[in-house]
Amino acid sequence: MKTPDWNTCGTSLAVQASVSGRSVMKFGDSTDESLLAYYESVRRQVAADNRLGGRYRLIGASVRAYADQLQREMSRRQLPFKPIEWP
């Protein structure tokens with residue numbers, strides 16, 4: 001697998017859909033590289049939050065839910081990834 005181009009991934013982000021009152025991302029049309037780029041973006045946000053010394057200064061529960069959805073899709077596709085270490 002090639003390394004994703006972090007500057008161009010994200011062009012195939014799926015539209016949000018509402019399922020039983022919750023916002024759910026649909027990643028079926030996203031490329032493997034895009035999924036990895038989205039997940040790496042969340043990892044950078046968590047790292048920045050940790051550097052600022054606080055729990056959820058920049059991120060919140062919705063970002064964690066988004067990361068969980070990404071993890072499920074990456075696992076379904078058997079993509080290698082390192083789980084995010086949350087504060």
Side-chain angles (χ1 to χ4, degrees):
M1 171 189 293
K2 69 178 187 172
T3 302
D5 178 355
W6 305 120
N7 297 316
T8 60
C9 292
T11 56
S12 63
L13 179 61
V15 178
Q16 285 190 337
S18 180
V19 176
S20 62
R22 293 182 60 199
S23 202
V24 176
M25 296 300 296
K26 297 198 175 195
F27 297 109
D29 293 332
S30 297
T31 65
D32 292 352
E33 290 82 10
S34 292
L35 291 175
L36 293 168
Y38 301 149
Y39 196 71
E40 186 59 29
S41 176
V42 172
R43 182 186 306 286
R44 287 192 306 264
Q45 291 175 46
V46 171
D49 202 54
N50 285 336
R51 282 191 302 276
L52 291 174
R55 179 178 166 98
Y56 301 128
R57 289 183 183 267
L58 302 175
I59 59 172
S62 62
V63 174
R64 189 167 188 159
Y66 173 67
D68 289 344
Q69 290 174 350
L70 285 167
Q71 264 190 341
R72 283 191 295 277
E73 180 63 21
M74 291 187 303
S75 292
R76 186 185 71 77
R77 295 185 190 192
Q78 299 180 340
L79 297 175
F81 65 92
K82 179 181 175 189
I84 294 173
E85 294 182 24
W86 297 89

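Excluded from the calculations below are hydrogen atoms, water molecules and symmetry mates; all remaining heavy atoms, backbone and side chain alike, are included.
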(message) I need the Glu40 CD to Glu33 CD distance, nearest 0.5 Å.
(response) 14.0 Å
(request) Could you check whether the rings of Tyr39 and Phe81 sit parallel, tilted or perpendicular, using 30° and 60° as the cut-offs? (result) perpendicular
(message) Can you give me the closest heavy-atom contact between Ala67 and Trp86, atom names plus distance?
(response) CB-CZ2, 3.7 Å
(request) Output the distance between atom CD1 (Ile59) and atom CD1 (Ile84), rounded to the nearest 0.5 Å. (result) 8.0 Å
(message) Run Glu73 and Gln69 through side chain to side chain contact (heavy atoms under 4.5 Å, CB included) and show every step you take.
(response) CA-CA 6 Å; Glu73 180 63 21; Gln69 290 174 350; over 6 Å; no
(message) Run the side chain to side chain contact (heavy atoms under 4.5 Å, CB included) test against Ala48 and tell me which residues pass, sequence neighbours left out.
(response) Arg51, Leu58
(request) Ignoring hydrogens and angles, tell me if any N or O in the side chain of Arg43 forms a donor-acceptor pair with the backbone of Lys82 under 3.5 Å. (result) yes
(message) Treating Ser41 as the side-chain partner and Ala37 as the backbone partner, does any N or O pair qualify as donor plus acceptor under 3.5 Å?
(response) no
(request) Determine, stepwise, if the pair Leu36 / Met74 fulfils side chain to side chain contact (heavy atoms under 4.5 Å, CB included). (result) CA-CA 8 Å; Leu36 293 168; Met74 291 187 303; 3.7 Å; yes
(message) Nearest 0.5 Å, please: how far is CZ in Arg77 from CZ in Phe27?
(response) 9.5 Å
